[in-house]
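Working notes for the structure below.
Read the numbers this way: they start at 1 and go in the same order the structure lists the ligands and their atoms.
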Amino acid sequence: MKGLLIIIASPSGGGKGSVIKHIIGGSTKYSVSATTRKPRPGEIDGKHYFFVTREEFEKMIAAGEMLEYAEYLGNYYGTPKSPVEKWLDEGDDIILEIEIQGAAQVKEKMPECVSIFLLPPSMEILEKRLTGRGTETPEVIKGRIEVAKVEIEEARRFDYIVVNDRLEDAVTDVKAIITAEKLKYRRNEEIIERVLKDA
Ligand code: 5GP
């Protein structure tokens, strides 16, 4: 059976990194994005992102190598298409950690995907998380908060909303969504056929 494509979006600081860390493993793979953003301390090329130049990114777009891409606060971010297609064909589930413009493109191209929006419990908590990270300047944080408001408006377009208050609860919720999606009738038609054939 083809794997499940799972989009997880949240505003910057919404905690998707921590949630995703607990979801990936085994047949649930993480799609490493390409970006023109500079690496933050501790970020590893090829693990957290493929860090590329604008020129390299634009070449990938022109060559049709991106499943989706977007410009976010002055940098390109995008999902390389071929690993996603390969893993889905092999039956692996894939997590795309992307922002809302990219999520809309994926929904259009692959409507069978599942989209989850991780919502911070409040704007105040979001701001605290962004400041606490200590990796961005106050102007960048201000920019991210403004973008976050627009992004949260878009949460209505997602299939599921998970409030990321306690990490363990958010992880449990996301796992439950993945399990339920995999048990949906349309993904299990073949099994029904097989059981009926044996009858
Ligand atoms: P950050 O700079 O904090 O790592 O990411 C900024 C935003 O870009 C986040 O909302 C993140 O989910 C999003 N993002 C990361 N990779 C991709 C991608 O491949 N495509 C799109 N559209 N957004 C991405």
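For His48, the closest heavy-atom approach to ligand 1 does not fall below 4.0 Å. Ligand 1 is approached by Arg144 to a heavy-atom distance shorter than 4.0 Å. Gln105 does not count as a contact of ligand 1, since none of its heavy atoms falls under 4.0 Å from the ligand.
Residue contacts with ligand 1: Tyr77 is placed with a nitrogen or oxygen under 3.5 Å of a nitrogen or oxygen of the ligand (distance criterion only). Looking at Arg40 next to ligand 1, an N or O pair under 3.5 Å apart turns up. For ligand 1, the polar-atom distance check finds no N/O of Tyr69 at less than 3.5 Å from any of the ligand's N/O atoms. The shortest N/O to N/O separation between Glu43 and ligand 1 does not fall below 3.5 Å. Every N/O-N/O distance between Ala34 and ligand 1 stays at or above 3.5 Å.
Here the options are Ile100, Val163, Val162, the test is side-chain contact (heavy atoms from CB on, under 4.5 Å), and the partner is Phe117; only Ile100 passes. The only option from Lys29, Lys175, Lys182 that meets the salt bridge (charged side-chain N to carboxylate O under 4.0 Å, His left out) definition with Asp93 turns out to be Lys182.
Ring geometry for Phe57 versus Tyr76: interplanar angle under 30°, hence parallel rather than tilted (30 to 60°).
In the displayed structure, Glu189 atom CD is contacted under 6.0 Å by more than 12 heavy atoms of other residues, nucleotides or ligands.
Side chains of Ser27 and Asp92: no donor on one and acceptor on the other come within 3.5 Å. Counting only N and O atoms by type, the side chains of Glu99 and Tyr77 include no donor and acceptor under 3.5 Å apart.
The backbone N or O of Ser10 lies less than 3.5 Å from a partner atom in the side chain of Lys16, making a donor-acceptor pair.
Using a 4.0 Å cut-off between heavy atoms, Tyr72 contacts ligand 1 through its side chain alone, with no backbone atom that close. Looking at Gln101 against ligand 1, nothing comes within 4.0 Å, counting heavy atoms.
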